[in-house]
Amino acid sequence: MSVRQKIAILVLSVIFAAALGAGVLAPKAYEAQFRDSPSAQPSRQFPLGTDELGRDRLSRLLYGSRVSLLLAPAAALLATALAAAAGASAALLGGWGERAFVTATDLSLSLPWLFALMTVRAMLPLDVAPGLSITITFLLLGLLGWAAPARVVRAAVASMRRSEFMLQARASGCSGFRLLLVHLVPNLKPVLFTQFLVAIPVFILSEANLGLLGLGVAEPMPSWGNLLRDLENLSELRVNLWLLAPVVLLAIVVTCFQLLVPSEDSAA
Amino acid sequence: MWMRAISRQICGLILTALLGGLAAATLVRLAPGFDVDERELDPRLSEASLQSVRTERAKERNLTSFYWNYLRRLAHGDLGISHSLRRPVAELLLERGPVTLRLAGWGLAGGWALGLSLAMAATTWKQGFVDFFSVSFASVFLCLPAAVIGLLALFSGVAPAWAIALIVFPKVFNYARGLLGKAYQAPHVLLARAKGLRGASILLRHVLPGTVPELLALAGVSVSMALSAAIPLEAVCDVPGIGQLAWQAALGRDLPVLVSLTLFLTLATRIANTTADLAISAVRIEES
């Protein structure tokens with residue numbers, strides 16, 4: 001592991017710890033409205049100020065980080081699991097199964113999936129509960145993000161099928177299922193882990209885009225996406241630079257995840 | 001042989017677009033809030049008007065019949081009427097399509113110019129300041145959501161096409177940098193270096209030509225990147241293009257517009273990829 005990756009893990013650990021400890025670290029409840037201090041400047045009471053409804057920005061940032069940091073990896077896990085199942089089955093089945101897989105991934109990759117996500121999210125009932133909106137947003141991210149990693153998995157499994165260790169295992173009488181569990185899956189782990197790491201920042205950024213368009217996690221629940229909506233007030237942004245705090249945090253987290261993805265050089 | 005390959009690609013293109021439209025219609029139909037219509041909350045509407053809204057909605061409830069009727073009308077060039085904007089969808093696409101294509105086109109040109117030139121500089125002066133600066137510069141834009149880049153462009157008075165360029169450029173840069181870096185290690189390049197070739201001549205004569213197929217593949221993919229980026233960007237920058245229409249249609253649960261836009265965007269993505277594939281085949285044939 002390189003020094004940059006160690007630093008990335010350290011930074012992510014601190015941010016994860018702060019997000020998980022939001023219940024203890026946040027000075028206020030994320031939905032509490034202090035009607036006498038709307039749009040307040042940073043102070044001892046409100047370290048990052050308040051929004052126009054008088055909600056403490058720091059508390060919302062901490063709780064919002066928890067939502068984004070827990071659910072993006074969960075969605076990435078779902079996408080990777082789907083990719084592993086689809087990609088590996090296609091490579092092992094071959095023939096029509098593989099052709100059907102190629103058509104399905106082609107179709108999925110041709111679809112403008114941010115648009116598809118936006119459409120389905122917009123179709124939710126207007127009075128959708130915040131918890132349900134979070135679940136659906138990240139579930140959709142996980143379900144729609146399978147195609148690109150599945151192609152990688154298929155290529156990896158196809159190359160492993162032709163490899164010498166698999167040939168030797170088959171020659172020594174290893175059965176299909178045992179071959180899969182003992183030889184294929186352990187060798188596929190690094191590929192799957194890389195795809196998982198690649199998917200996390202993609203999903204974090206997608207949720208942020210959706211949130212900024214008003215189609216992400218429903219209020220009053222905070223997420224990085226809906227916290228970024230404060231940036232729409234450009235005149236306020238010119239004088240209150242601390243409004244950039246969610247962007248800065250998001251950029252740090254996405255950069256750290258990108259640093260964790262093993263480069264081709266290090267993989268070799 | 002060429003005609004056969006082209007006709008196969010065209011068949012694949014049409015099939016993908018049709019399946020894409022069906023996928024969009026299915027996603028929309030299965031969404032839990034499909035039957036909800038905000039117009040039902042409008043106190044100005046009479047019972048008869050509300051009934052007409054419900055009848056209009058009921059026609060879209062059966063997915064198969066909706067899509068079949070849609071395709072039948074599509075064969076005659078009729079894409080239906082937008083529920084939210086009360087205008088023919090074909091007219092909306094013709095009006096807004098060129099805006100998005102122009103925006104994406106300029107953005108792609110800018111993104112490629114910036115990404116490729118920085119990648120060439122970074123691989124020529126590897127491990128130096130140029131490499132460090134360009135990698136850091138690309139990383140900044142790689143970790144920001146497209147909508148935030150759009151807002152920052154608005155904030156600093158930069159044209160939206162530049163925002164698309166800044167969204168596309170880090171991906172072009174990262175890929176091209178890796179590709180050029182590998183090409184510099186190729187035996188024929190090492191030999192050319194050993195013979196004393198340096199700088200631009202080695203890059204233009206020996207490194208770049210070998211990476212053309214991969215760069216063409218990236219060019220195809222970058223079209224879909226630019227079109228995807230145009231959706232949030234047009235929405236936040238108030239650009240009256242396809243992206244803004246997509247956002248408005250999504251918010252207005254406008255099924256005819258959503259299905260047509262999916263067809264349009266899927267078709268644009270596939271055309272770009274198919275063109276890139278054909279260009280790669282042409283380059284490979286010429287090389288061999």
Side-chain angles (χ1 to χ4, degrees), chain A residues 103-104 106-128 132 136 140 143-144 201 204-215 224-225 228-229 231-235 237-238 244 246-247 250-259 263-265, chain B residues 12-13 15-17 19-20 23-24 27-36 38 41 139-140 142-148 150-152 154-155 174 178 181-182 221 224 227-232 235-236 242-243 246-247 249-253 255 258 261-262 264-270 273:
Chain A
T103 313
D106 273 353
L107 174 66
S108 187
L109 291 172
S110 302
L111 273 175
W113 68 281
L114 177 67
F115 170 60
L117 198 68
M118 215 167 83
T119 303
V120 179
R121 180 59 190 83
M123 286 285 162
L124 292 181
L126 300 174
D127 55 348
V128 64
L132 184 66
I136 290 179
L140 280 171
L143 289 175
L144 292 172
I204 289 177
L205 291 176
S206 300
E207 192 278 325
N209 272 324
L210 281 177
L212 236 160
L213 296 176
L215 293 167
W224 282 343
L228 290 177
R229 295 198 80 184
L231 297 180
E232 283 175 349
N233 193 348
L234 294 175
S235 54
L237 191 62
R238 280 177 216 279
L244 290 170
V247 186
L250 180 136
I252 291 172
V253 169
V254 171
T255 308
C256 287
F257 274 116
Q258 280 165 353
L259 286 175
S263 66
E264 274 182 45
D265 299 341
Chain B
L13 206 127
L15 190 71
T16 313
L19 285 173
L27 274 175
V28 171
R29 180 61 196 90
L30 295 180
F34 175 75
D35 281 332
V36 181
E38 284 96 284
L41 302 172
S139 302
V140 168
L142 201 60
C143 61
L144 289 177
V148 169
L151 279 175
L152 293 177
L154 207 63
F155 180 68
N174 277 349
K182 259 188 199 166
V221 176
S224 101
L227 286 174
S228 295
I231 299 172
V236 296
I242 293 282
W247 182 55
L251 290 177
R253 296 150 200 254
L255 190 58
L258 291 172
L261 281 177
T262 310
F264 173 84
L265 292 170
T266 309
L267 210 57
T269 308
R270 277 304 303 252
N273 289 338

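Reminder, nothing fancy here: chain letters follow the sequence lines and each chain counts from 1.
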pair B/P145-A/L212: side-chain heavy atoms closer than 4.5 Å: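 When only atoms from C-beta onward are counted, A/L212 and B/P145 do not touch, as no gap falls below 4.5 Å.
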
message: For the interface with chain A, which of B/G178, B/S139, B/G243, B/A246 has the highest count of heavy-atom pairs at distances below 4.5 Å?
response: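 So the answer, after comparing B/G178, B/S139, B/G243, B/A246, is B/A246.
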
Side chain / backbone / both / neither for B/S224 at chain A, heavy atoms under 4.5 Å =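 For B/S224, there is no contact with chain A at all, as no heavy atom is under 4.5 Å.
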
Quick check on B/I231 against chain A: is it the side chain, the backbone, both or neither that has a heavy atom closer than 4.5 Å?
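Only the side chain of B/I231 comes within 4.5 Å of chain A.
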
Counting only heavy atoms closer than 4.5 Å, note whether B/L154 contacts chain A via side chain, backbone, both or neither.
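When you check distances to chain A, atoms from both the backbone and side chain of B/L154 fall under 4.5 Å.
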
For this session: State, with a plain yes or no, whether a side-chain heavy atom of B/L142 is found less than 4.5 Å away from one of A/T255.
Result: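 They are not in contact (no side-chain heavy atoms under 4.5 Å apart), so the answer is no.
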
Among the options B/T262, B/N273, B/V140, pick out the one with the most heavy-atom pairs lying under 4.5 Å from chain A.
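The candidate making the most pairs under 4.5 Å is B/T262.
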
Rounded distance [0.5 Å steps], SG in B/C143 versus CG in A/L259: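 It is 9.5 Å, given to the nearest 0.5 Å.
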
### Message
I need the A/L109 CG to B/T269 OG1 distance, nearest 0.5 Å.
### Response
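Answer rounded to 0.5 Å: 10.0 Å.
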
| field | Atom pair CG/CG of B/L144 and A/L250 - distance to nearest 0.5 Å | value |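 Here the interatomic distance stands at 7.5 Å.
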
Between A/N209 (side chain) and B/A147 (backbone), is there a donor-acceptor pair under 3.5 Å?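 Checked: pair present.
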
In terms of heavy-atom pairs under 4.5 Å, which option from A/V254, A/I252, A/V253, A/I204 contacts chain B the most?
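Looking at each of A/V254, A/I252, A/V253, A/I204 in turn, A/V254 comes out on top.
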
(request) Side chain from CB out, backbone as N, CA, C, O: work out which of these in A/E232 comes under 4.5 Å of a heavy atom of chain B, or both, or neither. (result)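 A/E232 touches chain B through backbone and side-chain heavy atoms alike.
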
